[in-house]
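These notes are about the structure you will find just below.
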Protein chains: 2
Amino acid sequence: MQLGTGGKSYREQKVVAVTRKDQVYSILRQAIISSQLAPGEAIRKELVALQLGVSRTPVSDAINRLADEGLVEIYPQTGTFVARLRLDKIETAQFVRIALETAAIRRAAERSSADTVHSLRNNLDRQRKAAEIRDFEGFYALDEELHDMICDAAGLVGLREIASKERSQIDRVRRLLLHYETRMVETLKEHEAIVAAIADNSVERAVATMEDHISKMGKMLLQLQTKRPELFAS
Amino acid sequence: MQLGTGGKSYREQKVVAVTRKDQVYSILRQAIISSQLAPGEAIRKELVALQLGVSRTPVSDAINRLADEGLVEIYPQTGTFVARLRLDKIETAQFVRIALETAAIRRAAERSSADTVHSLRNNLDRQRKAAEIRDFEGFYALDEELHDMICDAAGLVGLREIASKERSQIDRVRRLLLHYETRMVETLKEHEAIVAAIADNSVERAVATMEDHISKMGKMLLQLQTKRPELFAS
DNA sequence: CAATAACATCTAACATGTTACATATTAGCT
DNA sequence: AGCTAATATGTAACATGTTAGATGTTATTG
């Protein structure tokens, strides 16, 4: 079969273009990760379209993207549901996250500048303030920002987006866990250790600290399953 | 804003469902990775729809997915183009690939069974035959299969799909490179070394061999840019 | 002739109508 | 009552019509 046109036109510059499907995607993703849309809950495209004042098309597009990301499950001709948590999938996501972020922090630690360290410390300051006033949402956002900053510090185009996408499953869990506990204080300490290692140019210590930090979540997860079994699938 | 229905219905079993958009996606992806659709070339949705005998909808859906994967670039209200190769993006993909596949092979080597080793060796046998008769396409497919098998051997649900998706960019390059040279013979040798390390349960050697194997491609890439600059963007 | 503005053209984005299919419900039968 | 088959219902998948915006071309003006 003959595909393509043989035409050679193309574009040089990148356009940012925020389309409606992008907006719908962001809104739904946020709703899912914050558990405003609970695991297992049905999503009715038509209703969402109505509520957001758009047609079904951008909603479908957004949902397809979320399905690729594993945040929703589409059953053809039947329905679309917020994906429930699955321990095996989360285990894989955890594995991927450790692989990517330890590799990233290694590169970041090797090439970290005084400027980078300054930004990281600034983030930590804000984390401390958020922790003090028990601002879960704020702390969560800063947590994400810190991990993003480390990805960026690795100096690889698009790495942050990839890591962030693979983190989706885990972000959902992390958000749920943050509310439970003393976890915020512990997390802060771990973050401080990570940044300190980078500041010291201790590459291997940075890697080890990051791995330890990410692994901690695995244990918390099992507790969550006991407390909230309805969120889980298999 | 109120999203969701509060409804709690959901499904247990997984449906496979090959929809038209999945088929179109596979066809286009294959066409892009095989360079039947060349980097920079325009893709006309309407034409593709006509040629495949479907409407524009499944074509758009497929293209959106390819855009997420970085294989096409959509410029709103303007056109859709096969993504040209970008050294910086490829560098990131390479980084991700090394991070994921070395981590995967570590796990795979730790838990490899006689059965796994047998399957890997069977694959190598077929690679040898393909190399002998200069069957580039066959060799390429077996190459992919080997890497997939190693991912599977890590025993993590969905890891293969993630690794495979992140490899897209690189697969395109690898395919172009295979035709050029003695690369097929070299690749075979590297694969043999990897499998041997797994068979010996030499975890660290397996990791090192894999990293070396993947890194080799980086050097070939620069040669490709010299020979075929029109495939590259920046 | 150069710069610019009006306009034509083309495409993706968006809207909406239609179809096919999975599932639940009900009716009919033993 | 219990089982099976016909049917109703609801949803995603698919088709197609419409809109908005990016770009290239041509006309207009200095």
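Every chain is numbered from 1 and lettered A, B, ... according to where its sequence line falls, protein lines coming before strand lines.
- Atom CD1 of A:I63 and atom C1' of D:dA12 are 10 Å apart (whole Å).
- Rounded to a whole Å, the CG atom of B:L50 is 12 Å from the P atom of D:dA15.
- Taking only side-chain nitrogens and oxygens, B:R56 never comes nearer than 4.0 Å to OP1 or OP2 of D:dT16.
- Proximity of B:R20 to the phosphate of D:dA13: no side-chain N or O atom is located under 4.0 Å from OP1 or OP2.
- Pairing each heavy atom of B:R107 with each of B:R111, the nearest pair is O-CG, 2.7 Å.
- Of the two residues contacting DNA chain D, namely B:Q77 and A:E46, the nearest-nucleotide position lying further toward the 5' end is that of A:E46.
- Between A:T57 and the phosphate of C:dC14, there is no side-chain N or O to OP1/OP2 separation shorter than 4.0 Å.
- Between B:D143 and B:R175 there is no salt bridge, since no side-chain nitrogen of the basic residue lies less than 4.0 Å from a carboxylate oxygen of the acidic one.
- Between B:F81 atom CZ and C:dT11 atom P the separation is 9 Å, expressed in whole Å.
- One interatomic measurement links the two molecules: OH of B:Y75 to C1' of D:dA22, which rounds to 13 Å at whole-angstrom precision.
- Taking 4.0 angstrom as the limit, A:K21 places none of its side-chain polar atoms (N or O) nearer than this to OP1 or OP2 of C:dC14.
- Side-chain contact check for B:R97 versus B:E166: every heavy-atom pair is 4.5 Å or farther apart.
- Among the heavy atoms of the strands, none lies under 4.0 Å from B:S60.
- Separating the NZ atom of A:K45 from the C1' atom of C:dT16 is a distance of 14 Å, rounded to the nearest angstrom.
- A salt bridge does not link A:K89 to A:E91: none of the charged side-chain nitrogens sits closer than 4.0 Å to a carboxylate oxygen.
- We find that CD of A:Q23 is positioned 12 Å from C1' of C:dA13, with the value rounded to whole Å.
- Heavy atoms only, all atoms of each residue included: A:N123 and A:L142 are closest at ND2-O, 3.2 Å.
- As rounded to whole Å, 20 Å separates atom C1' of C:dA12 from atom CZ of B:R65.
- Taking side-chain N and O atoms only, A:S55 has a distance below 4.0 Å to OP1 or OP2 of C:dA15.
- Distances shorter than 4.0 Å separate none of the side-chain N or O atoms of A:T80 from OP1 or OP2 on D:dT11.
- Listed nucleotides C:dC14, D:dA12, D:dA22 differ in distance to A:P58; the shortest reach to its side chain belongs to C:dC14.
- Rounded to whole Å, atom P of C:dA12 lies 13 Å from atom CG of A:D61.
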